[in-house]
Q: 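A single structure is presented below for examination.
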Amino acid sequence: MPKPTASSSFTLFPVTHFDLAATLNSGQVFHWHEQDGVFLGLIGGELVRVSQPEPGMLQISPGHEELVSRYLALDHDLAKMQRTLPKRDAHLKRALKYSPGLRILRQPRWECLATFITSSLKQVAHIRQISLTLRERFGHPVATVNGVVLHAYPTPEALAQAGEAALRACGLGYRAKFLHQTASRIAEGNFDLEAPAALDDEAACELLCTLPGVGPKIAQCTLLFAYERLGVFPIDVWIERALRELYFAGAAENVSARELREFAVTHFGPFRGYAQQWLFHHARTSGTFSRLRKVV
């Protein structure tokens with residue numbers, strides 16, 4: 001890992017194969033604020049500032065270099081991972097060329113799980129609004145920067161105490177019940193968020209799916225973005241339709257969900273979580289998939 005260079009207002013941190021904007025805007029996380037190219041956000045309860053003035057350099061608020069480096073997964077060897085991808089997959093190559101420096105974040109586990117419980121059948125802008133509203137109403141304020149008040153994500157205890165009605169008032173709809181029940185189980189000590197870390201991917205997914213409102217997609221997103229299970233390939237609406245359109249053209253309607261899951265496992269290799277995120281970000285933001293954009 002390259003060594004950072006300190007100054008009074010920020011630390012210069014050399015990076016390779018990294019794209020800050022693509023990483024933070026790729027649908028993994030929803031609370032970062034961008035102002036004039038500087039991203040303001042909280043990692044746990046720590047306020048950090050980070051920007052990328054040039055491709056090979058980050059500017060990080062002093063004292064947060066190790067925290068930010070870990071969160072942004074700057075230690076992931078993307079070149080090694082890319083060598084495991086299918087060599088003749090033109091669709092994946094196109095997605096990778098679109099955002100080659102996109103990384104899979106290491107998010108706080110409760111924050112990631114709770115956010116994806118609120119994400120069901122929602123677009124990214126809506127998920128972000130719900131996340132920020134929950135923070136503002138039930139999370140403690142950490143700092144005000146340029147008029148923006150940044151709140152920590154509310155703890156399970158805070159959301160359990162808030163009650164289902166108050167969560168529904170944040171725009172969660174039917175998801176309020178699930179978020180409240182899951183928060184209550186964790187707050188009462190009836191579910192240990194560290195337990196999935198000791199299990200293999202399949203068993204960890206099954207354990208997370210015992211929580212209210214958590215199905216395979218939410219569990220797999222949580223495993224990928226908070227437990228660093230880079231072999232997990234979540235299939236949401238975007239990915240399902242992209243897989244059908246790109247890899248099963250002419251027979252898309254006849255391919256079952258099970259067949260799509262099996263294809264992802266056998267086709268994309270051991271770091272298929274990265275393949276999923278590259279495909280997802282490209283499908284959602286490039287404008288290539290106009291038919292998908294009209295539907296979702």
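Quantities reported herein were computed from a predicted structural model and do not represent experimental measurements.
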Q: Mind checking side-chain hydrogen bond (donor to acceptor under 3.5 Å, both in side chains) for Q276 and listing every partner two or more places apart, or none if nothing turns up?
A: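 Residues passing side-chain hydrogen bond (donor to acceptor under 3.5 Å, both in side chains) with Q276: none at all.
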Q: Below 4.5 Å, heavy atoms only, C-beta onward: do R241 and V237 meet side chain to side chain?
A: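 They are in contact (side-chain heavy atoms under 4.5 Å apart), so the answer is yes.
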Q: So, do I104 and F271 sit near enough that their side-chain heavy atoms are less than 4.5 Å apart?
A: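 No, every pair of side-chain atoms sits at 4.5 Å or beyond.
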Q: Using the test side-chain hydrogen bond (donor to acceptor under 3.5 Å, both in side chains), find all partners of E164 that sit at least two apart in sequence or belong to another chain.
A: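 Partners of E164 under the side-chain hydrogen bond (donor to acceptor under 3.5 Å, both in side chains) test: R168.
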Q: P212: which residues meet the side chain to side chain contact (heavy atoms under 4.5 Å, CB included) condition with it, sequence neighbours left out?
A: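 Counting only residues at least two positions away or on another chain, P212 forms a side chain to side chain contact (heavy atoms under 4.5 Å, CB included) with F178, Q181, T182, R185.
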Q: Please list, one pair per line, the donor and acceptor atoms closer than 3.5 Å that link side chains of residues 198-208 to other protein atoms, with sequence neighbours excluded.
A:
unit_1 : atom_1 : unit_2 : atom_2 : d
D200   : OD1    : E202   : N      : 3.3
D200   : OD1    : A203   : N      : 2.8
D201   : OD1    : R229   : NH1    : 2.7

Q: If you define the side chain from C-beta out and look only at heavy atoms, does anything of V29 sit under 4.5 Å from T23?
A: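 No, too far: nothing below the 4.5 Å cut-off.
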Q: Can you run down the side-chain hydrogen bond (donor to acceptor under 3.5 Å, both in side chains) pairs that involve residues 103-114, sequence neighbours left out, and say none if there aren't any?
A: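 Pairs touching residues 103-114 that pass the test: D75-R106, R106-E228, R109-E194, E111-R135.
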Q: Taking all heavy atoms of S61 and all of E65, pick out the closest pair and write down the distance.
A: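 Distance-wise, the nearest heavy atoms are O-OE2, 4.0 Å.
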Q: Looking at CD of E34 and CG of N25, how far apart are the two atoms once the value is rounded to the nearest 0.5 Å?
A: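 Output value for this atom pair is 6.5 Å.
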Q: Please answer whether the main-chain N or O of L78 pairs with a side-chain N or O of H17 as donor and acceptor at a distance below 3.5 Å.
A: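 Absent.
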Q: Does some side-chain heavy atom of L102 sit less than 4.5 Å from a side-chain heavy atom of D19?
A: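 No, side chains not in contact.
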Q: Return the minimal non-hydrogen interatomic distance between L179 and A114, and the atom names on each side.
A: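 Minimum heavy-atom contact is CD1-CB, 3.7 Å.
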Q: Indicate the atoms forming the closest heavy-atom contact of I218 with V214, along with that distance.
A: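 Closest pair (atom of I218, atom of V214, distance): CG2-CG1, 4.0 Å.
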Q: Check whether E262 reaches the backbone of L260 with its side chain - one donor and one acceptor, N or O, closer than 3.5 Å.
A: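 Judged by distance alone, no pair lies under 3.5 Å.
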Q: Treating E259 as the side-chain partner and S256 as the backbone partner, does any N or O pair qualify as donor plus acceptor under 3.5 Å?
A: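 Indeed, once roles are kept as given, a pair shorter than 3.5 Å links the two residues.
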Q: Taking side chain to side chain contact (heavy atoms under 4.5 Å, CB included) as the test, write out the residues that go with A165, two or more places apart.
A: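 Result, side chain to side chain contact (heavy atoms under 4.5 Å, CB included) vs A165: none returned.
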Q: Can you see which heavy atom on H180 is nearest to which on L159, and at what distance?
A: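 In terms of heavy atoms, the two residues are closest at CD2-O, 3.4 Å.
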Q: N146: which residues meet the side-chain hydrogen bond (donor to acceptor under 3.5 Å, both in side chains) condition with it, sequence neighbours left out?
A: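 In terms of side-chain hydrogen bond (donor to acceptor under 3.5 Å, both in side chains), with neighbours along the sequence ignored, N146 is linked to Q35.
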Q: For the pair E66 and R70, find out whether any cationic side-chain nitrogen is under 4.0 Å from an anionic carboxylate oxygen.
A: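 No, no charged N to carboxylate O under 4.0 Å.
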Q: List the steps, then state whether side-chain contact (heavy atoms from CB on, under 4.5 Å) holds for L85 with W278.
A: CA-CA 12 Å; L85 298 174; W278 284 316; 3.8 Å; yes
Q: How many angstroms lie between OG in S131 and NE2 in H151, if you round to the nearest 0.5 Å?
A: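 Rounded to the nearest 0.5 Å, the OG-NE2 separation comes to 12.0 Å.
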Q: Looking at residues at least two apart in the chain, or sitting in another chain, which of them share a side chain to side chain contact (heavy atoms under 4.5 Å, CB included) with E157?
A: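 With neighbours one apart ignored, the set is T155, A187.
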Q: Does a side-chain heavy-atom distance below 4.5 Å link V255 with L243?
A: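 When only atoms from C-beta onward are counted, L243 and V255 do not touch, as no gap falls below 4.5 Å.
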Q: Is there a donor-acceptor pair under 3.5 Å between the side chain of Y227 and the backbone N or O of T222?
A: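 Between the backbone of T222 and the side chain of Y227 there is no qualifying donor-acceptor contact (under 3.5 Å).
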Q: Which of parallel (below 30°), tilted (30 to 60°) and perpendicular (above 60°) describes F268 and F233?
A: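 Parallel.
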Q: How close do P234 and K217 get, counting heavy atoms only, and between which atoms?
A: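 Nearest heavy atoms, P234 then K217: CB-O, 4.4 Å.
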Q: Side chain to side chain contact (heavy atoms under 4.5 Å, CB included) with P100: which residues, sequence neighbours excluded?
A: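 For P100 the side chain to side chain contact (heavy atoms under 4.5 Å, CB included) partners, ignoring immediate neighbours, are L96.
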Q: Would you say L132 and H31 make side-chain contact, with heavy atoms under 4.5 Å?
A: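 The answer is yes, as the side chains (C-beta and beyond) meet within the 4.5 Å cut-off.
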Q: Can you list the residues that meet the ring pair (Phe, Tyr, Trp, His ring centres under 6.0 Å) rule with F18, with sequence neighbours excluded?
A: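 Here no residue qualifies.
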Q: First locate atom CZ of R128, then atom OG1 of T133, and finally report the distance between them rounded to the nearest 0.5 Å.
A: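 Reported to 0.5 Å precision, the distance equals 10.5 Å.
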Q: Please say whether more than 12 non-hydrogen atoms of neighbouring residues, nucleotides or ligands are located less than 6.0 Å from NZ in K80.
A: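 It does not: K80 NZ has 12 such atoms or fewer within range.
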Q: Name all residues meeting the side-chain hydrogen bond (donor to acceptor under 3.5 Å, both in side chains) criterion together with Y98; count only those two or more places apart in sequence or in a different chain, and write none if there are none.
A: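 Checked Y98 against side-chain hydrogen bond (donor to acceptor under 3.5 Å, both in side chains); matches are T285.
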Q: With side-chain contact (heavy atoms from CB on, under 4.5 Å) as the test, would you mind laying out the steps for V50 and F39 before giving the verdict?
A: CA-CA 5 Å; V50 59; F39 285 87; 4.1 Å; yes
Q: Can you find a pair of side-chain heavy atoms, one from L58 and one from F10, that are under 4.5 Å apart?
A: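 Contact flag for L58/F10 side chains = no.
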Q: Taking transitive links into account, so neighbours of neighbours count too, which hydrophobic residues share a cluster with V142 at under 4.5 Å side-chain distance?
A: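 Besides V142, the cluster holds V38, L40, L42, L47, V145, V148, L150.
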Q: Do any N or O atoms from the side chain of K177 and from the backbone of G173 form a donor-acceptor pair under 3.5 angstrom?
A: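 Looks like no, no N/O pair under 3.5 Å.
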Q: Classify the ring geometry of Y247 against F263: parallel below 30°, tilted from 30° to 60°, perpendicular beyond 60°.
A: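 The arrangement is tilted - the two ring planes meet at 30° to 60°.
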Q: Tell me whether R137 contacts the main-chain N or O of A169 through its side chain, where contact means a donor paired with an acceptor under 3.5 Å.
A: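 A pair under 3.5 Å: yes.
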Q: The test is side-chain contact (heavy atoms from CB on, under 4.5 Å); show your working for I117 and L211 and say whether it passes.
A: CA-CA 10 Å; I117 289 176; L211 291 168; 5.8 Å; no
Q: Would you call D236 and F280 a side-chain contact if the rule is heavy atoms closer than 4.5 Å?
A: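 Answer yes - side chains close enough.
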Q: For the NE2 atom of H76 and the CG atom of L74, what is their distance to the nearest 0.5 Å?
A: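 Going from the NE2 atom of H76 to the CG atom of L74 covers 9.5 Å.
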Q: What pair of heavy atoms forms the shortest contact from F138 to A158, and how long is it?
A: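 Nearest heavy atoms, F138 then A158: O-CB, 3.8 Å.
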Q: Would you check if the side chain of Q277 reaches a backbone N or O of S26 as a donor-acceptor pair within less than 3.5 Å?
A: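 Yes, because the side chain of Q277 sits within donor-acceptor range (under 3.5 Å) of the backbone of S26.
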